[in-house]
Structures are given as C-alpha cells and as structure tokens.
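As structure tokens, the structure follows; a few thoughts come after it.
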Amino acid sequence: MVSDDADIDMGDVYDPDQDPEATRDIRRKYRRHVQELTDTQDISTDKVAEKLREADRLFTQVRAINEATNDSGLLLHISQIGAAKARAMKSGSGAFDVDDFVARLITYMGGRKPLSPVREGDDDEGSEYDAGGAPLDWERIARRALSKSRRVPVMDFMLGPLSIEQKKRTAAKRAKLEKNKEDMKKPQEITEDDITRSENETTKNVATLERILTSIEGNVNLFKFIINPHDFGQSVENLFYLSFLIRDGKCAFFMDEDTGEPVILLCEQPTQEDYTQGLVKHQLVLEFDMDTWKRAIEVFNITEPMIPQRPKSEMRIGQKWYG
C-alpha cells in the first residue's frame, strides 16, 4: 500500500538485514494504528482517511514480509470501516425532499411557490405557469441541463410490451386412485409343511468327492478332477466342494515338480497336536472363469468328467418349484 508520490528506492524494498530496532518500531506503530481504530466506536470519515495516509507513509519503511503482513491487516481493517460507513449512508426518499426540490425549481425558472394550496378539480397538468400565475422559464433550466449533458436525445424502442397479462396459475387436481377391493389378492400363506426339505447337498457332495479321491492311487491333476467338460456350472461347484477337503486337511494341493501341473492328493487329516508342533495353514485364491475352463479342457484333453454329472437340485415352495 503506497501512494504514487512516495519516493521509494525499489532496490531496497526487501531487506532481511534491516535494523531490528527499526523493525520493532514499525510493528509497534502498526499495532497502535489498529488499536486506535478498534477502540474508537464512532470514527469520522476524515479520521479514517487520515489513518490511511499515515499507513501509506509507514509502508515506505517496510522492508520485510512480517511488516508487510501487518500493513495488509491494517488496510483490511480500514477497508471494513469504510464499507460499514458506506452502508450507513442515507439513500432513497429519506435523503431527498421532493417538495423542496420542486419549490426551488419553480423559483429558479422565475416563478414562485403558491401561498395557498391548489383547489381540487383544477387541472394544472401540462401548464406552463405556476400556481401564482407567473410564467415559467423552461429554457433556463434546459440550458442548465444542456451544460451537464451533451447527449443528443434519439428515438429508441421500448424494452417490453405496453401491457403484460399476468398468467394465473391453475392448481391441477389429481384424480384420487380408487382401489377395487375385489381385485385385491391376499398373499399366499406358506407353512412349514409346504417347504420340501432336502438333505444337505454340500455335505453329501463333499463326501462324494472324498470317496472318488480314495479310489484314485497317487495324485491327480486338479483340472482333470474337477472339470466337467459338459457343464461349466458343475465344474465351479466341484471346485467349491473340493475346497472343503483342502480346508479340513483331508486333501493336499501342490505343484508337481516333474510336470509343473497343479495336483491334489488325499492325505491323513492333521491333528491338534500337529498344529501345536508348528503346522501352519495356508490360504490360496484360485481364479476359475469360463475362459480358464475352456482352455483347461483343450490343454489337458478332457472329454469325460471324473466326477459324475449331478442332477439339478429343485426345491418346492408352496405350489411352485425352484431350481
């Protein structure tokens, strides 16, 4: 914040080695100005302008960032006071007396203000005389207005229609939905006897896979064991059932060192003592999608499933069957 007439050497604007005593004096002056503006409740506009000029002169001594920050804070405080005073200024009808203006205008044009009020019924609109009968010199006020404005009056279009028809908003009534009680249907009641209970499919299928592995000597390729070349869904189910055997430690999963293929082998389930001695379980995430299923059938030449095809399970709820 600096005035145009301030003489400043721009080469010395930033000086980190400024005298510490001068720096403290500048900060002290900024704090004093802010404190005076804060303590004064009803400060005049002239006083605010004087504070602004003092801050302007003080800014010429600023050479560091901290003092520039103090100057910005003082300027912000002065700006807030100025904005508050601008909002407090009177404007509109409260600051302009129309009757006094008309009386002065009549006097300026050579007329005089009437001593008695105009009687009702007198049509004086458009009259070139005042109420006292003296002619008004309109050219005098015209010459006065002409000296303030050199704009030539021209014709122009109106910015809107002569009359505007206000549209009335009609409230639309919504038709009430009437429900026919005869068309309403009661939900079907289902009792416990209506649900056909089936044996646990998961437990039965896990036991089936265990019996098949028992009949196989040695290890077997994982994909040859679980894949059903005729049904992708059952291949996924077979992998799901096999995961229970691996989880319980009844089946081992590893990579064959000779062929590099993933193989499984039925093994003895570990006991609690084995886990106590340091046996650790490991988890494995295997991605198996339809592309992997098709690729495995092609690579390992799988034509028939090792796990027999299972019929689709169905469950009856009420009078309907669900697969």
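Position 1 is the first residue of the sequence, and the numbers go up from there. Everything numeric here is computed off the predicted structure, so don't read it as measured data.
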Fill in: Non-hydrogen atoms of Ile26 and Leu58 that approach each other most closely
O-CD2, 4.2 Å
Worksheet entry | Which atom of Ala252 lies closest to which atom of Cys267, heavy atoms considered | N-SG, 3.9 Å
Discussion item. Suppose we screen for salt bridge (charged side-chain N to carboxylate O under 4.0 Å, His left out). Which residues come up paired with Arg28, at least two apart in sequence or across chains?
Written reply: Asp25
Worksheet item: By salt bridge (charged side-chain N to carboxylate O under 4.0 Å, His left out), which residues pair with Glu257, not counting sequence neighbours?
Response: none
Discussion item. Please determine whether a side-chain nitrogen of the Lys or Arg among Glu21 and Arg24 lies less than 4.0 Å from a carboxylate oxygen of the Asp or Glu.
Written reply: yes
Discussion item. Check this for me: does any side-chain nitrogen of one of Lys29 and Glu54 sit under 4.0 Å from a carboxylate oxygen of the other?
Written reply: no
If I take atom [atom1] from residue [X] and atom [atom2] from residue [Y], how far apart are they, to the nearest 0.5 angstrom?
X: Glu237; Y: Thr202; atom1: CD; atom2: OG1; result: 9.0 Å
X: Leu74; Y: Tyr30; atom1: CG; atom2: OH; result: 7.0 Å
X: Ser215; Y: Met306; atom1: OG; atom2: CE; result: 7.5 Å
X: Asn66; Y: Arg63; atom1: CG; atom2: CZ; result: 15.0 Å
X: His33; Y: Leu52; atom1: NE2; atom2: CG; result: 11.0 Å

Please confirm whether the backbone N or O of [Y] pairs with a side-chain atom of [X], one donor and one acceptor, at under 3.5 Å?
X: Thr292; Y: Phe288; answer: no
X: Thr60; Y: Asp56; answer: no
X: Asn238; Y: Gln234; answer: yes
X: Gln18; Y: Gln61; answer: yes

Worksheet item: So Asp291 and Arg295, salt bridge (Lys or Arg N to Asp or Glu O under 4.0 Å) or not? Walk me through it.
Response: CA-CA 6 Å; Asp291 292 336; Arg295 182 63 177 165; over 6 Å; no
Worksheet item: Do the side-chain N and O atoms of Asp39 and Gln35 include a donor-acceptor pair separated by under 3.5 angstrom?
Response: yes
Discussion item. Quiz question: by atom type and distance under 3.5 Å, do the side chains of Thr208 and Arg211 form a donor-acceptor pair?
Written reply: yes
Throw together a table of side-chain donor-acceptor distances under 3.5 angstrom for residues 221-229, partners on residues two or more places apart or in other chains.
| from | atom 1 | to | atom 2 | distance (Å) |
| --- | --- | --- | --- | --- |
| Asn221 | OD1 | Phe223 | N | 2.8 |
| Asn221 | OD1 | Lys224 | N | 3.2 |
| Asn221 | ND2 | Glu261 | OE1 | 2.8 |
| Asn228 | OD1 | His230 | N | 3.0 |
| Asn228 | ND2 | Gln309 | OE1 | 2.5 |

Fill in: Residues forming a ring-ring contact (aromatic ring centres under 6.0 Å, His included) with Phe244, sequence neighbours excluded
Phe240
Worksheet item: Would you say Ile297 and Leu286 are hydrophobically clustered, going by side-chain heavy atoms of ILVMFWY under 4.5 Å?
Response: yes
Item to complete: Output the rest of the hydrophobic cluster of Phe254: all Ile, Leu, Val, Met, Phe, Trp and Tyr residues reachable through side-chain heavy-atom contacts under 4.5 Å, sorted by chain and number.
Response: Val263, Leu265
Worksheet entry | With Glu67 via side chain to side chain donor-acceptor pair (under 3.5 Å) - residues at least two apart | Arg27
